[in-house]
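Everything numeric in this text was worked out from a predicted model, so none of it was measured. Numbers restart at 1 for each chain; the letters A, B, ... are given by sequence-line order, proteins then strands.
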Amino acid sequence: MTEYTSTLLRLLEERGYIHQLTDAEGLDKLANESVVPGYIGFDATAPSLHVGSLVQIMMLRRLQQAGHKPVVLMGGGTTRIGDPTGRDESRKMLSDQTIEDNIASIRTVFSRLLTFGDGPTDAVMVNNHDWLGKLGYIELLQEVGTHFTVNRMLTFDSVKLRLEREQPMTFLEFNYMILQGYDFRHLCKTAAVRLQMGGSDQWGNIINGIELTRRKDGVEVFGLTTPLLTTADGKKMGKSAAGAVWLNEDALPAYDFWQYWRNTDDRDVGKFLRLFTDLPLDEIARLESLEGSEINAAKVVLANEVTKLVRGEDAAKTAEATASTTFAGGGLGQDLPTLDIAEADISIVDALIGLGFAASRGEAKRLVAGGGARVDGSAVTDEAYRIVLEGKEIRVSSGKKKHGILRSA
RNA sequence: GGACAGGUGGCCGAGUGGUUAAAGGCAGCAGACUGUAAAUCUGCCCGCGCAAGCGUACGCUAGUUCGAAUCUAGCCCUGUCCA
C-alpha cells in the first residue's frame, strides 16, 4: 500500500488522506513527472464552510506543499441544483445573490491555507457557474447525455438510497452527477486539471467525471477520496454544542473554535494532528503516545495549530491564553463572551440568556435548578438570585466548560 | 387524471374522541465520576409565569362535538401502482 514514489502520494498516504484512489500507479507516475493540477469542489450553501470540509481544504494544501497546483472549485452552478448525496430531502433553493455572497465569504478561508497567484503551483479559484450557467440544454444533452445511461445512474448510491427509502428525488437533483462530471472534463480541458479529490461520498460523482473525460477526450484523469471522517465515538465531525463548527471567524468565535479541538476525543488526537496540522510526523507520534491526562498537552497543541492555520496566529494565542486562565487559574480570559450591564445588578437568568448560554428563560431556570449555573465558580441554585456587579468583572458559567464575563457598562 | 398509502416535537417513531404538552428511542443540556477525553449512572429537554395557570403545537382551512393529533369535508404535499 505504501509503495508510492511521488512526494504527493507519500505525503497524503502517511498523513491519512487516502481512502480510495482510481489508479494509484498512474497518478504516482504523473505526480513524479509533472505538476498536477487537482481540484476539489465546494458547495456554497452557507456563508462559511465548517470543519467537515477542512479535510478537503487541507488536502489542497498538501497538494501545494508537494509541488502541485490546487484548484478550488466553488459550486456556484451546482449549488443551484443541490447535491443529493447523503440526503433524504431536497435542498431548498438559494437565490443567485445568496450564492454569490456565500462564495465571497467562503473565499477568505482558502486564502489563509493556500497560496494564490499566477505561478505554476499557485492556487486558483474557479466558479462552475461561469461555464454551467451558459450551457444550453440541448447542448448539454448532446455533450454528455450520450455518455450516461439511466440504468447506471440509477445504481449510484445517491440515487439508489433515495429511491429505496421512498424519498422523493427530483429530476433537478438527478442531474447533479452529470453536471459534476461535466465540471471535471471542463477543468481538464481548460485548466489541464488531472485530479479530482473529495470525500468518500463523492466517489461516484468523481468516477462519472473520469469516465466522461476519457470517453469524450481520451484523457486519463484521476480520482481520490478521503476516508469519511468521524470522531472516535462514531459521530460526524463538525458538530459541537453550539451547532456547526464554522471555519469563518464571523460565524464562530476563535475561542469556541479552539475549544472544539481542545475537547477532541483521546483516540482522535493523532489522526487529527496528521490531517489538520503541519507538524512533522515524528512530533505527532510523540504527542499521540502520551498517556492518561498527559494527552491533554497534545490536545492543546492540536487546538493551537489548527486555530493558527484557520484563524491565524493571534487568534490561536488569545484563545489559548483565555483557556489557560479560565480553566487552570480560575480567572477571566479576554476571549470569553462578554455581557455589558448598565444596571447595578442582573438576575442569573437574564445573565445566562444574555451570554448565550440559554435560549429562553425556562431553559435558563432549568439550568439553574439542575445545578449547572455558576457565578465566580460557585453554583447558584436559586433562580431568583441577582448578581451584583459593583464595578467588577464577574464570571458566569454554564456547566464546567462554558464561561462568560459580566461587566459594568 | 385514477386507485391505494401516508404527512406527529431537532430527527426517528407510538398514539384513532377526554386520563395527551403528546409513549419510546436518538440527538442536545446539566449533575456525579474524571483529565476541559471516553464510557457509565442520574436529572432536564415548546414558550411565558415564583406558582396556580395561561399561550401555542400533531400538513393547511373549514366543520362536527361540552371536548379533536384522533371524526367529517375541501385543499396542499409525498410515496406506490395504473392511465
Please list every donor-acceptor pair under 3.5 Å in which a side-chain atom of residues 144-156 of chain A meets a protein atom from a residue at least two apart or in another chain.
residue	atom	partner	partner atom	Å
T149(A)	OG1	R152(A)	N	3.1
R152(A)	NH2	E211(A)	OE2	3.4
T155(A)	OG1	R152(A)	O	2.6

- Could you note down all residue pairs passing salt bridge (Lys or Arg N to Asp or Glu O under 4.0 Å) where residues 301-314 of chain A supplies at least one of them, sequence neighbours left out? E249(A)-R311(A), E305(A)-K308(A), E313(A)-K317(A)
- Crowding at CD, E25(A) (>12 non-hydrogen neighbours, <6.0 Å): no
- Taking only residues two or more places apart in sequence or in another chain, which ones pass salt bridge (Lys or Arg N to Asp or Glu O under 4.0 Å) with E283(A)? R286(A)
- Item | G-U wobble or Watson-Crick pairing nucleotide for rA14(B) (cut-off 3.5 Å, both distances) | none
- For rA69(B), which nucleotide in any strand shown is its Watson-Crick or wobble partner with both distances under 3.5 Å? none
- Task: Taking atom P in both rU16(B) and rA23(B), compute the distance separating them and give it to the nearest angstrom.
- Result: 14 Å
- Could you go through the side chain to side chain contact (heavy atoms under 4.5 Å, CB included) check for L309(A) and M58(A) one step at a time? CA-CA 10 Å; L309(A) 281 177; M58(A) 286 303 291; 3.9 Å; yes
- Message: Tell me which nucleotide, if any, is Watson-Crick or G-U wobble paired with rG74(B) when both distances must be under 3.5 Å.
- Response: rC60(B)
- Taking the P atom of each, how far is rG15(B) from rG6(B), in whole Å? 12 Å
- Item | Test side-chain hydrogen bond (donor to acceptor under 3.5 Å, both in side chains) applied to R185(A) and D217(A), T190(A), N208(A), the passing residue | D217(A)
- Message: Please report the distance separating the C1' of rU70(B) from the corresponding atom of rG7(B), rounded so that it comes out in whole Å.
- Response: 15 Å
- Message: Taking only the P atom of each, what is the distance from rC77(B) to rA68(B) in whole angstrom?
- Response: 28 Å
Could you pull out the protein-nucleic contacts involving nucleotides 47-53 of chain B (nitrogen or oxygen on both sides, under 3.5 Å)?
residue	atom	partner	partner atom	Å
rG47(B)	OP1	S360(A)	OG	2.8
rG47(B)	OP2	R366(A)	NH2	2.6
rC48(B)	OP1	R361(A)	N	2.7
rC48(B)	OP2	G362(A)	N	2.8
rG49(B)	OP1	R361(A)	NE	2.6
rG49(B)	OP2	R361(A)	NE	2.7
rC50(B)	OP2	K365(A)	NZ	3.1

- Item | Interatomic distance, K271(A) NZ vs rA38(B) C1' [rounded to whole Å] | 14 Å
- Query: Taking only residues at least two apart or on different chains, which pairs with a member in residues 352-406 of chain A satisfy ring-ring contact (aromatic ring centres under 6.0 Å, His included)?
  - Reply: F327(A)-H403(A)
- Message: Pairing check on rA39(B): which nucleotide meets the Watson-Crick or G-U wobble criteria with it, both distances under 3.5 Å?
- Response: none
- Message: Measuring only the P atom in each nucleotide, how far is rA69(B) from rG63(B)? A whole number of Å is fine.
- Response: 16 Å
- Determine the Euclidean distance between corresponding P atoms of rC45(B) and rA52(B); express it in Å to zero decimal places. 14 Å
- Message: List the residues meeting side chain to side chain donor-acceptor pair (under 3.5 Å) with R274(A), not counting sequence neighbours, and say none if there are none.
- Response: E288(A)
Protein N or O to nucleotides 34-37 of chain B N or O, pairs below 3.5 Å:
residue	atom	partner	partner atom	Å
rG35(B)	O6	D266(A)	OD2	3.3
rG35(B)	N1	D266(A)	OD1	3.3
rG35(B)	N1	D266(A)	OD2	2.7
rG35(B)	N2	D266(A)	OD1	2.6
rG35(B)	N2	N296(A)	OD1	3.4
rG35(B)	N2	K299(A)	NZ	2.9
rG35(B)	N3	N296(A)	ND2	3.4
rU36(B)	O2'	N263(A)	OD1	2.1
rU36(B)	O2	Q259(A)	OE1	2.7
rU36(B)	O2	N263(A)	OD1	3.3
rU36(B)	N3	Q259(A)	OE1	3.3
rU36(B)	N3	Q259(A)	NE2	3.4
rA37(B)	OP1	K401(A)	NZ	2.9
rA37(B)	O4'	K299(A)	NZ	3.2
rA37(B)	N3	D266(A)	OD2	3.3

- Identify the nucleotide, in any strand shown, that forms a Watson-Crick or G-U wobble pair with rG9(B), with both distances under 3.5 Å; if there is none, say none. none
- According to the Watson-Crick and G-U wobble definitions, with both distances under 3.5 Å, which nucleotide is paired to rA3(B)? rU80(B)
Check: residues 291-304 of chain A side-chain donor-acceptor pairs under 3.5 Å, at least two apart:
residue	atom	partner	partner atom	Å
N296(A)	OD1	R262(A)	NH1	3.4
N296(A)	ND2	S293(A)	O	3.2
K299(A)	NZ	T264(A)	O	2.8
K299(A)	NZ	D266(A)	OD1	2.7
N304(A)	OD1	W258(A)	NE1	2.8
N304(A)	ND2	V300(A)	O	3.4
N304(A)	ND2	E320(A)	OE1	3.2

- rG28(B) and rC12(B), which share atom name C1', separated by this distance in whole Å: 15 Å
- Task: Please identify each residue that fulfils side chain to side chain donor-acceptor pair (under 3.5 Å) with R386(A), with sequence neighbours left out.
- Result: D345(A)
- Between rG17(B) and rC71(B), how far apart are the C1' atoms? Round to whole Å, please. 8 Å
- Query: What is the base-pairing partner of rA21(B), counting Watson-Crick and G-U wobble geometry with both distances under 3.5 Å?
  - Reply: none
